[in-house]
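One structure is given here, and the rest of the page talks about it.
We're numbering straight along the sequence, starting at 1.
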Amino acid sequence: ITAITKANPCVVTSATHGLAVGTVVVFSGIVGMTELNDVAAIITAQDANTFTLGGIDSTNYTTYTSGGTATP
């Protein structure tokens with residue numbers, strides 16, 4: 001993970017992530033936007049380098065700083 005937006009819905013940037021719409025991912029190791037750590041979310045849209053999290057409004061979360069993984 002290289003970026004996470006403060007938006008509704010939340011969009012995660014992760015180069016060549018290989019994840020598909022409908023996949024449930026669990027986040028860990030995120031620095032900054034720690035509200036996402038240990039959260040499970042479903043991917044509702046994706047392209048080669050980003051994916052959107054259904055039902056996650058990160059507008060008021062702390063700002064993403066670095067790191068983290070999204071594990072299916």
E35 CD to C10 SG distance, which is reported to the nearest 0.5 Å: 10.0 Å
If you look only at distance, which donor and acceptor atoms sit under 3.5 Å apart when one is on a side chain in residues 65-72 and the other is two or more places apart or in another chain?
| from | atom 1 | to | atom 2 | distance (Å) |
| --- | --- | --- | --- | --- |
| T69 | OG1 | S28 | OG | 3.0 |

Closest heavy-atom contact between [X] and [Y]?
X	Y	result
I1	Y64	O-OH, 2.8 Å
G29	N37	N-OD1, 3.2 Å
M33	I4	SD-CG2, 3.5 Å

Flag, side chain of N49 to backbone of T13, donor-acceptor distance under 3.5 Å: no
Expected output: side-chain K6 to main-chain Y61 donor-acceptor under 3.5 Å: yes
Within one Ile-Leu-Val-Met-Phe-Trp-Tyr cluster: F51 and V39, side-chain cutoff 4.5 Å: yes
Donor-acceptor pairs under 3.5 Å, side chain of residues 52-60 to any protein atom, not counting sequence neighbours: which ones?
| from | atom 1 | to | atom 2 | distance (Å) |
| --- | --- | --- | --- | --- |
| D57 | OD1 | T59 | N | 3.0 |
| D57 | OD1 | T59 | OG1 | 2.5 |
| S58 | OG | T5 | O | 2.6 |
| S58 | OG | A7 | N | 3.1 |
| S58 | OG | A7 | O | 3.2 |

Expected list for residues 17-27: side-chain donor-acceptor pairs under 3.5 angstrom, two or more places apart:
| from | atom 1 | to | atom 2 | distance (Å) |
| --- | --- | --- | --- | --- |
| H17 | ND1 | L19 | N | 2.8 |
| H17 | NE2 | D47 | O | 2.8 |
| H17 | NE2 | T50 | O | 3.0 |
| T23 | OG1 | A20 | O | 2.9 |

